[in-house]
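I have placed the structure first, in the form of structure tokens, so that the comments after it can refer back to it.
These numbers were taken from a predicted model, which means no experiment stands behind them.
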Amino acid sequence: MTDLSSTSESPFRILVVEDESLAAMALEEVLGMLGFAVVGIEDNADAAIKAAERLRPDIVMMDIRLLGLRDGIEAAAAIRARTGIRCIFTSAFADAETRHRAAECDPFGFVRKPYFPAELQRALSHAVSVLQKSA
């Protein structure tokens with residue numbers, strides 16, 4: 001795997017929002033191998049919104065299905081509205097309605113689970129490119 005954040009002085013900071021703890025830990029490990037700094041892990045929408053406001057990550061890796069009443073799309077919309085931070089959605093569910101709702105949040109990308117390294121790397125590369133251009 002290629003270090004995607006090596007062109008910046010400090011690694012890009014990522015908040016992981018995932019309701020399955022094993023999946024969150026695995027994603028944290030992969031992100032670390034790619035040169036990113038995971039600044040937090042949350043499992044529900046309300047905690048994710050608070051963490052994004054407090055931690056100000058560069059990117060949020062957002063699962064669509066979360067614990068609680070609100071889903072990841074609702075959380076991503078609130079995070080974008082309050083902080084301007086964009087996400088990369090992750091989900092095993094990629095039906096047209098879900099993708100349409102997710103697209104309204106202006107995400108960096110959408111990665112299906114189970115994660116394929118090339119797909120994850122492609123979405124992260126796009127996010128890094130956009131962030132570097134806007135810096």
Side-chain angles (χ1 to χ4, degrees):
M1 292 187 183
T2 306
D3 183 339
L4 296 174
S5 62
S6 61
T7 57
S8 66
E9 292 177 12
S10 60
F12 282 93
R13 298 162 33 92
I14 298 182
L15 172 64
V16 172
V17 184
E18 167 64 62
D19 65 333
E20 296 179 27
S21 60
L22 290 177
M25 291 186 326
L27 182 56
E28 180 179 27
E29 186 173 330
V30 169
L31 292 170
M33 289 170 35
L34 291 172
F36 293 93
V38 174
V39 297
I41 298 175
E42 300 297 342
D43 64 5
N44 68 78
D46 294 331
I49 294 164
K50 289 176 186 169
E53 290 177 323
R54 185 179 73 253
L55 300 170
R56 300 291 178 166
D58 299 300
I59 304 166
V60 177
M61 296 295 298
M62 179 70 73
D63 187 16
I64 290 178
R65 300 264 170 113
L66 299 174
L67 297 178
L69 299 175
R70 299 170 73 188
D71 68 11
I73 297 171
E74 292 172 86
I79 289 169
R80 180 89 163 124
R82 295 178 188 188
T83 67
I85 299 167
R86 294 168 64 188
C87 72
I88 295 173
F89 283 111
T90 62
S91 183
F93 307 95
D95 61 274
E97 180 184 339
T98 299
R99 289 186 72 94
H100 177 73
R101 283 184 59 224
E104 293 177 359
C105 298
D106 192 25
F108 287 120
F110 193 99
V111 178
R112 291 199 51 173
K113 291 187 209 174
Y115 304 114
F116 291 100
E119 190 178 356
L120 185 60
Q121 209 164 4
R122 188 170 31 258
L124 288 163
S125 292
H126 172 69
V128 167
S129 174
V130 170
L131 289 169
Q132 287 174 333
K133 287 177 186 171
S134 66

* Pairwise side-chain contact, T98 with I73, heavy-atom cut-off 4.5 Å (strictly under) -> yes
* To do: Answer whether the closest heavy-atom distance between the side chains of V128 and F12 falls below 4.5 Å.
  => yes
* Taking all atoms of both residues into account, what is the closest heavy-atom pair of A48 and I79, and its distance? -> O-CD1, 3.9 Å
* Asked: Would L55 and I41 show up in the same hydrophobic cluster when neighbours are defined by side-chain heavy atoms closer than 4.5 Å?
  -> no
* **Residues forming a side chain to side chain contact (heavy atoms under 4.5 Å, CB included) with E53, sequence neighbours excluded** => I49, R82, T83
* Asked: With side chains defined as the heavy atoms from C-beta onward, is the minimum distance between F89 and P107 less than 4.5 Å?
  -> yes
* State, to 0.1 Å, how close D58 and P11 come at their nearest heavy-atom pair, and which atoms those are. => OD2-O, 4.4 Å
* Is T90 close to Y115 at the side-chain level, that is, under 4.5 Å between some pair of heavy atoms? -> yes
* To do: Could you grab the distance from atom CZ of R122 to atom NE2 of H126, nearest 0.5 Å is fine?
  => 12.0 Å
* To do: Please round to the nearest 0.5 Å and tell me the distance separating atom OG of S91 and atom CZ of R112.
  => 8.0 Å
* Could you tell me whether the side chain of L124 reaches within less than 4.5 Å of the side chain of L34, counting heavy atoms only? => yes
* To do: With the side chain counted from C-beta on, respond yes when L27 and L120 share a heavy-atom pair under 4.5 Å apart, and no when they do not.
  => yes
* Is it true that D106 and R86 have a side-chain N and a carboxylate O under 4.0 angstrom from each other? -> yes
* **Cation-pi check, R99 onto F110 ring (under 6.0 Å, within 45° of axis)** => yes
* Below 4.5 Å, heavy atoms only, C-beta onward: do D43 and E20 meet side chain to side chain? -> no
* To do: Indicate yes or no for a side-chain donor-acceptor contact from D63 to the backbone of L66 under 3.5 Å, with no hydrogens or angles considered.
  => no
* Is it the case that more than 12 heavy atoms not belonging to E119 sit under 6.0 Å from its CD atom? -> yes
* **Interatomic distance, D95 atom CG to H100 atom NE2 [nearest 0.5 angstrom]** => 12.0 Å
* Give a yes or no on whether F108 and V30 share a hydrophobic cluster (residues Ile, Leu, Val, Met, Phe, Trp, Tyr; joining criterion: side-chain heavy atoms under 4.5 Å apart). => yes
* Work out which heavy atom in V111 is nearest to a heavy atom in A123; give both atom names and the distance. => CG2-CB, 3.6 Å
* To do: Calculate, to the nearest 0.5 Å, the distance between atoms CG and CE belonging to L15 and M61 respectively.
  => 10.5 Å
* To do: Check each of V16, I14, I85, I88 against V60 using the side chain to side chain contact (heavy atoms under 4.5 Å, CB included) test, and report the only one that passes.
  => I85
* Rounded distance [0.5 Å steps], CD in E74 versus CG in L69 -> 9.0 Å
* Asked: CD of E42 to CD of E18: how many Å apart, nearest 0.5 Å?
  -> 12.5 Å
* Heavy-atom pair of closest approach, residues A75 and M62 -> CB-CE, 3.7 Å
* Asked: According to a 4.5 Å side-chain heavy-atom criterion applied to Ile, Leu, Val, Met, Phe, Trp and Tyr, with indirect links allowed, do M25 and L31 form part of one hydrophobic cluster?
  -> no
* D19 and R65: salt bridge (charged side-chain N to carboxylate O under 4.0 Å, His left out), yes or no, with the steps? -> CA-CA 7 Å; D19 65 333; R65 300 264 170 113; over 6 Å; no
